[in-house]
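These notes concern the structure reproduced below.
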Amino acid sequence: MMDADVPSAWNTEESRTYSPVDTDREMQYRTYRHESGDLRLKVAPASLDGEDHPGYALTATSYPGLDLSETIRVRTVLTFERCNSIARDFMDLFSANYDGPGSLEDALDYAYERTREHR
């Protein structure tokens, strides 16, 4: 399935909107998977990771579902739209540098370095 709002090598895996019990504010949750299956991006409320943090967190999981799976937090921002925009930038950067499983770490590092929060 082709998604109009994501780069061609990516698919929207899950997308939902919900209202948490303690607020009437609507929250969004979305995951994207690279066509190789080797990388998943998640745009979700930062509070889902147990943090008392407003806004949304972008996380990247390499080899999702496998024992050697690793998740890194890329960025935390206030709005879903901003976080999703950063996710799209990350997808483009990753795709431009990904050339099969052997290059996953390098492509992930490349995209992470260019989209993470600079302190």
Legend entry - Set of residues satisfying salt bridge (charged side-chain N to carboxylate O under 4.0 Å, His left out) with respect to E14, sequence neighbours excluded: R16

Legend entry - Co-membership, hydrophobic cluster, residues Y29 and Y56, 4.5 Å side-chain: yes

Inset, instruction - Look at atom CD of E35 and say whether more than 12 heavy atoms of other residues, nucleotides or ligands are closer to it than 6.0 Å. - result: yes

Legend entry - salt bridge (charged side-chain N to carboxylate O under 4.0 Å, His left out) partners for E113, two or more places apart: R116

Inset, instruction - Work out which heavy atom in A60 is nearest to a heavy atom in L39; give both atom names and the distance. - result: CB-CD1, 4.4 Å

Inset, instruction - Output all residues satisfying side-chain contact (heavy atoms from CB on, under 4.5 Å) with R33, sequence neighbours left out; order by chain, then residue number. - result: E13, R40, P64

Legend entry - Any residue meeting side-chain hydrogen bond (donor to acceptor under 3.5 Å, both in side chains) with T71, in chain and number order, not counting sequence neighbours: T61

Inset, instruction - Apply side-chain hydrogen bond (donor to acceptor under 3.5 Å, both in side chains) to S15 and list each qualifying residue two or more places apart in sequence or on a separate chain. - result: R30

Legend entry - Hphob cluster co-occupancy, L78 + F90, side-chain heavy atoms under 4.5 angstrom: no

Inset, instruction - Indicate yes or no: at least one non-hydrogen side-chain atom of Y18 is less than 4.5 angstrom from one of P45. - result: yes

Inset, instruction - Using the test side-chain contact (heavy atoms from CB on, under 4.5 Å), find all partners of E81 that sit at least two apart in sequence or belong to another chain. - result: Q28, T79

Inset, instruction - May I ask you to test the R75-R82 pair for a side-chain heavy-atom distance under 4.5 Å? - result: yes

Could you tabulate the donor-acceptor pairs under 3.5 Å formed by side-chain atoms of residues 91-98, not counting sequence neighbours?
unit_1: S95; atom_1: OG; unit_2: W10; atom_2: NE1; d: 2.9
unit_1: S95; atom_1: OG; unit_2: M91; atom_2: O; d: 2.9
unit_1: N97; atom_1: ND2; unit_2: L93; atom_2: O; d: 3.1
unit_1: Y98; atom_1: OH; unit_2: D38; atom_2: OD2; d: 2.7

Legend entry - E70 side, atom CD; L104 side, atom CG - distance, nearest 0.5 Å: 10.0 Å

Legend entry - T59 side, atom OG1; I72 side, atom CD1 - distance, nearest 0.5 Å: 9.0 Å

